[in-house]
Asker: 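Mind having a look at this structure? Questions to follow.
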Amino acid sequence: MSDANPLWGAPRIHGELLKIGIDVSQATVAKYMSRRRRPLSPTWRTFLTNHTSQIAAADFFVVPTVRYRLLFVLSSLSLDRRRLVHMAVTPIRRRMDRPTTP
C-alpha cells in the first residue's frame with residue numbers, strides 16, 4: 001500500500017487498514033513501510049564547482065587611520081581565481097555641507 005501511494009504516511013495507511021478490518025498498530029505499519037529512495041540531487045559542493053566562475057564575494061569594512069580618521073573600504077573578489085575585481089576607499093565626512101542655493 002505504501003508503494004502504491006508514496007505520499008501516504010504511516011497514520012494514513014493505518015487508518016485505511018482499520019477501515020477494511022485489519023487491526024495492526026501504527027508502529028507496525030511504520031516498521032514495514034518501504035523506504036522511498038530519493039533521487040540523487042546535486043550537493044552544494046557540486047553547485048559551487050559548476051558556478052565558481054560566476055560567483056563574486058563583496059565585503060565592506062572600516063579602517064581606522066593613524067590620525068584617528070575612518071576610511072570606508074568596499075572590495076569585491078572573483079571566486080574562481082581569488083582575485084580582486086574592484087576596490088573603493090572613501091573617507092568619512094565629519095559634517096554635512098549645506099547645499100548651495102543659486
Side-chain angles (χ1 to χ4, degrees):
M1 193 178 284
S2 67
D3 290 336
N5 303 297
L7 298 178
W8 288 9
R12 173 86 184 257
I13 293 174
H14 176 249
E16 294 295 324
L17 289 173
L18 287 177
K19 286 180 187 177
I20 60 173
I22 300 174
D23 190 20
V24 293
S25 71
Q26 185 175 333
T28 304
V29 171
K31 181 179 177 181
Y32 292 106
M33 282 180 61
S34 62
R35 301 278 182 212
R36 289 193 308 264
R37 290 195 57 148
R38 292 184 182 173
L40 293 177
S41 61
T43 61
W44 273 109
R45 180 180 293 274
T46 305
F47 175 81
L48 291 175
T49 302
N50 292 337
H51 298 284
T52 302
S53 62
Q54 291 93 20
I55 298 175
D59 194 10
F60 182 74
F61 53 94
V62 179
V63 178
T65 65
V66 176
R67 295 186 179 202
Y68 301 107
R69 293 187 175 204
L70 298 177
L71 297 176
F72 291 104
V73 181
L74 174 68
S75 64
S76 62
L77 303 168
S78 174
L79 292 184
D80 62 340
R81 299 288 179 171
R82 294 184 184 155
R83 65 182 176 91
L84 186 64
V85 175
H86 181 75
M87 185 168 203
V89 180
T90 183
I92 186 172
R93 295 182 67 125
R94 295 291 179 196
R95 63 183 178 87
M96 293 295 290
D97 291 333
R98 288 190 225 189
T100 57
T101 56

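Side chains are part of it too, since the values below use all heavy atoms of this structure and drop only hydrogens, waters and symmetry mates.
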Asker: Parallel under 30°, tilted from 30 to 60°, perpendicular over 60°: which one fits the rings of H51 and F47?
Answerer: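 Tilted, since the angle between the ring planes falls between 30° and 60°.
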
Asker: Shared ILVMFWY cluster between I13 and V24, side chains joined below 4.5 angstrom?
Answerer: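 The answer is yes; both residues are in one hydrophobic cluster.
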
Asker: To check you understand the geometry: which heavy-atom pair defines the closest contact between T28 and S25, and what is its length?
Answerer: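 Closest pair (atom of T28, atom of S25, distance): OG1-OG, 2.9 Å.
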
Asker: Would you sort out whether L74 and M87 count as a side-chain contact (heavy atoms from CB on, under 4.5 Å), showing the intermediate values?
Answerer: CA-CA 6 Å; L74 174 68; M87 185 168 203; over 6 Å; no

Asker: Is V85 linked to F60 within one hydrophobic cluster, defined over Ile, Leu, Val, Met, Phe, Trp and Tyr using a side-chain heavy-atom separation of less than 4.5 Å?
Answerer: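 They do not share one cluster, since no chain of ILVMFWY contacts under 4.5 Å joins V85 to F60.
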
Asker: Before giving the answer on side-chain contact (heavy atoms from CB on, under 4.5 Å), spell out for L70 and T65 the whole-Å C-alpha distance, their side-chain angles and the decisive distance to 0.1 Å.
Answerer: CA-CA 6 Å; L70 298 177; T65 65; over 6 Å; no

Asker: Could you walk me through whether W8 and E16 satisfy the side-chain contact (heavy atoms from CB on, under 4.5 Å) test, starting with their C-alpha distance in whole Å, then the side-chain angles of each, then the deciding distance to 0.1 Å, before giving a yes or no?
Answerer: CA-CA 10 Å; W8 288 9; E16 294 295 324; 3.6 Å; yes

Asker: For T46 and T49, does a side-chain donor sit closer than 3.5 Å to a side-chain acceptor?
Answerer: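 Note: T46 and T49 side chains miss the donor-acceptor criterion.
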
Asker: Does I20 share a hydrophobic cluster with M33, counting links as ILVMFWY side-chain heavy atoms below 4.5 Å and allowing steps through other members?
Answerer: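 Linked, I20 and M33 end up in one cluster.
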
Asker: Look at the side-chain heavy atoms of Ile, Leu, Val, Met, Phe, Trp and Tyr, link any pair under 4.5 Å apart, and say whether L79 and L48 land in one connected group.
Answerer: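 As far as the 4.5 Å side-chain criterion goes, L48 and L79 are connected within one cluster.
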
Asker: Working to the nearest 0.5 Å, report the span between OG of S76 and CG of L84.
Answerer: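 Nearest 0.5 Å value for the OG-CG distance: 6.5 Å.
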
Asker: To the nearest 0.5 angstrom, please state how far the CG atom of L77 sits from the CD1 atom of I55.
Answerer: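 Answer for the CG-CD1 pair, L77 versus I55, is 13.0 Å.
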
Asker: Could you walk me through whether L18 and D23 satisfy the side-chain contact (heavy atoms from CB on, under 4.5 Å) test, starting with their C-alpha distance in whole Å, then the side-chain angles of each, then the deciding distance to 0.1 Å, before giving a yes or no?
Answerer: CA-CA 6 Å; L18 287 177; D23 190 20; 3.6 Å; yes

Asker: Search all heavy atoms of H14 against all heavy atoms of Q26 and return the closest pair with its distance.
Answerer: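 Nearest heavy atoms, H14 then Q26: CD2-N, 3.5 Å.
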
